[in-house]
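All remarks here apply to the structure that follows.
Scope of the values below: all heavy atoms of this structure, side chains included, with no hydrogens, waters or symmetry mates.
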Amino acid sequence: MGPFASKAIVFGAAIACFGAVWAGVQTTQPNGQHQSPFIGEAHAAEKAKIIPKPRLDAKEKGTRAVAIFAGGCFWGVEGVFEHTNGVISAASGYHGGTKRSASYKLVSAGLTNHAEAVRVVYNPQQISYGQLMHVFFSVVADPTTLNYQGPDRGKHYRTALVPLNNAQQKAAHAYISQLNKGKYWKRPIVTKIEPHKSFYYAEKYHQNFMQKNPRQGYIVRWDKPKVANLKRHFPKKYRTKPVT
């Protein structure tokens, strides 16, 4: 496949899935330098929320564990976790449906049961599952919007925690309950805790999308503010150079 065809696929994917790229964003200055006018949570669709950390955490041994988070467009979820200390890798993919239908064309059309999700590999000795959930609910996703995040609509943009072991499951249930009781949002939390099914990696051009396309309109408008909020509200957890 030639370079023009590849670019066409990426462009078409962005239009098909995200559609509502803000027309007013200027991503380059006249001298060619990148410009990002978004500072802090004021410009993020999912505004940063100051919430307490989980009272119950998952105690996981070893130096390698895996967690899955669904939080709308996987580009931004992946981008935030790639900038989080203790994360070894983050990969975009599809969770909740079958292997046969795990393709961007079908998922983005709303024809499957998948959610766009991110598989996070992390070192529990450096960052815990509870701390990852804290980051997720604070700066990544709005847990009160049913089947949408930012400009994206559809069940495949639902928010969900997908525990991979008993410790994560207990911690996830406890944190959702804690946040519900605290009423930190005006609306009720609709984020589900879904049973783990197979995770299917998204197409190659979706992986590390924010790193490879820092000036892409959707990234500048909707996702970079989330990384900025990570840096602002979790400075000790923020890493300047993202993992790959």
- Are any of the side-chain heavy atoms of Pro52 and Gln178 separated by less than 4.5 Å? yes

In short, Phe199 meets Ala91 closest at the heavy-atom pair CZ-O, 3.5 Å

OG1 of Thr98 to CG of Leu106, rounded to nearest 0.5 Å, is 9.0 Å

Check your understanding: Are Leu164 and Tyr94 connected, step by step, through hydrophobic side chains (Ile, Leu, Val, Met, Phe, Trp, Tyr) whose heavy atoms are closer than 4.5 Å?
Key -> no

Smallest heavy-atom separation, Gly62 atom then Asn123 atom, equals O-OD1, 4.1 Å

Any chain of hydrophobic side-chain contacts (each under 4.5 Å) joining Val77 to Tyr205?
yes

The reported gap from OG1 in Thr145 to CD1 in Ile189 (rounded to nearest 0.5 angstrom) is 11.5 Å

When Lys47, Arg187, Lys186 are each screened for salt bridge (Lys or Arg N to Asp or Glu O under 4.0 Å) with Asp142, the one that passes is Arg187

Query - Stepwise side-chain contact (heavy atoms from CB on, under 4.5 Å) test for Arg64 and Val121 - result: CA-CA 7 Å; Arg64 186 181 179 90; Val121 180; 3.6 Å; yes

*Quick one: are Leu161 and Tyr175 in side-chain contact, heavy atoms under 4.5 Å?*
no

| request: Measure from the side-chain N and O atoms of Lys237 to the backbone N and O of Leu132, and report whether any donor-acceptor pair falls under 3.5 Å. | output: no

Smallest heavy-atom separation, Lys61 atom then Pro124 atom, equals O-CG, 4.3 Å

**Study point:** Step-by-step side chain to side chain donor-acceptor pair (under 3.5 Å) determination, Glu60 to Tyr122
**Key:** CA-CA 11 Å; Glu60 298 177 287; Tyr122 61 100; 2.4 Å; yes

Exactly one of Gln207, Arg119, His206 clears side chain to side chain donor-acceptor pair (under 3.5 Å) with Tyr201, and that residue is Arg119

task: Decide if the gap between the ring center of His83 and the ring center of Tyr238 is smaller than 6.0 angstrom.
output: yes

Gly150 backbone acceptor or donor facing Arg153 side chain under 3.5 Å
yes

Within the side chain of Glu203, is there an N or O that forms a donor-acceptor pair under 3.5 Å with the backbone of Tyr104?
yes

task: Inspect the surroundings of CZ in Arg55 and state if more than 12 heavy atoms from other residues, nucleotides or ligands are less than 6.0 Å away.
output: no

Aromatic centroids of Tyr184 and Phe137 separated by under 6.0 Å: no

Task: Criterion side-chain contact (heavy atoms from CB on, under 4.5 Å) on Met210 and Trp75, from CA distance to verdict - done: CA-CA 6 Å; Met210 186 183 295; Trp75 292 349; 5.8 Å; no

Test side chain to side chain donor-acceptor pair (under 3.5 Å), reference Arg158, set Gln149, Glu116, Glu194, His114, output is Glu194

The reported gap from NE2 in His156 to CG in Asn113 (rounded to nearest 0.5 angstrom) is 12.0 Å

### Task
Flag yes if more than 12 heavy atoms outside Lys212 fall under 6.0 Å of its NZ atom; otherwise flag no.
yes

task: Test side-chain contact (heavy atoms from CB on, under 4.5 Å) on Glu82 and Val87 and set out the steps.
output: CA-CA 7 Å; Glu82 286 180 337; Val87 170; 6.0 Å; no

Rounded to the nearest 0.5 Å, the CG atom of Asn165 sits from the NZ atom of Lys170 at a distance of 10.5 Å

Lys49 atom NZ, over 12 foreign heavy atoms within 6.0 Å:
yes

Quick one: are Cys73 and Trp222 in side-chain contact, heavy atoms under 4.5 Å? no

Rounded to the nearest 0.5 Å, the CG atom of Leu56 sits from the OH atom of Tyr129 at a distance of 11.5 Å

| query | Got a donor-acceptor contact below 3.5 angstrom from the Gln169 side chain to the Pro195 backbone? | reply | no

- Taking the side chain as every heavy atom from C-beta outward, state whether Pro163 and Ile193 have any atom pair closer than 4.5 Å. yes

Rounding to 0.5 Å, atoms CG (Asn208) and OG1 (Thr244) come to a distance of 6.5 Å

* Asked: According to a 4.5 Å side-chain heavy-atom criterion applied to Ile, Leu, Val, Met, Phe, Trp and Tyr, with indirect links allowed, do Ile68 and Val80 form part of one hydrophobic cluster?
  -> no

Note: with side-chain heavy atoms under 4.5 Å as the link, the other cluster members for Leu146 come out as Val190

Minimal heavy-atom distance between Ala70 and Ala115, with the atoms involved, is CB-CB, 4.0 Å

Please report the C-alpha distance between Asn85 and Ile127 in whole Å, then the side-chain angles of each, then the deciding distance to 0.1 Å, and finally whether the side-chain contact (heavy atoms from CB on, under 4.5 Å) criterion is met. CA-CA 7 Å; Asn85 277 322; Ile127 189 166; over 6 Å; no

Margin query: Main chain of Gly130, side chain of Asp57: is a donor-acceptor contact present, judged purely on distance under 3.5 Å?
Written below: yes

### Message
Under the criterion side chain to side chain donor-acceptor pair (under 3.5 Å), I'd like the reasoning laid out for Tyr218 against Asp152: C-alpha separation, chi angles, the key distance, then a yes or no.
### Response
CA-CA 11 Å; Tyr218 184 97; Asp152 306 314; 2.5 Å; yes

Practice task
Following the transitive rule for hydrophobic clusters with a side-chain heavy-atom cut-off under 4.5 Å over Ile, Leu, Val, Met, Phe, Trp and Tyr, establish whether Tyr148 and Phe74 coincide in one cluster.
Solution key: no

Heavy-atom closest pair (Gln131 atom, Ser128 atom, distance to 0.1 Å) is OE1-N, 2.8 Å

Note: Ala58 and Ala171 closest approach over all heavy atoms is N-CB, 3.8 Å

Is Phe69 linked to Ile51 within one hydrophobic cluster, defined over Ile, Leu, Val, Met, Phe, Trp and Tyr using a side-chain heavy-atom separation of less than 4.5 Å?
-> yes

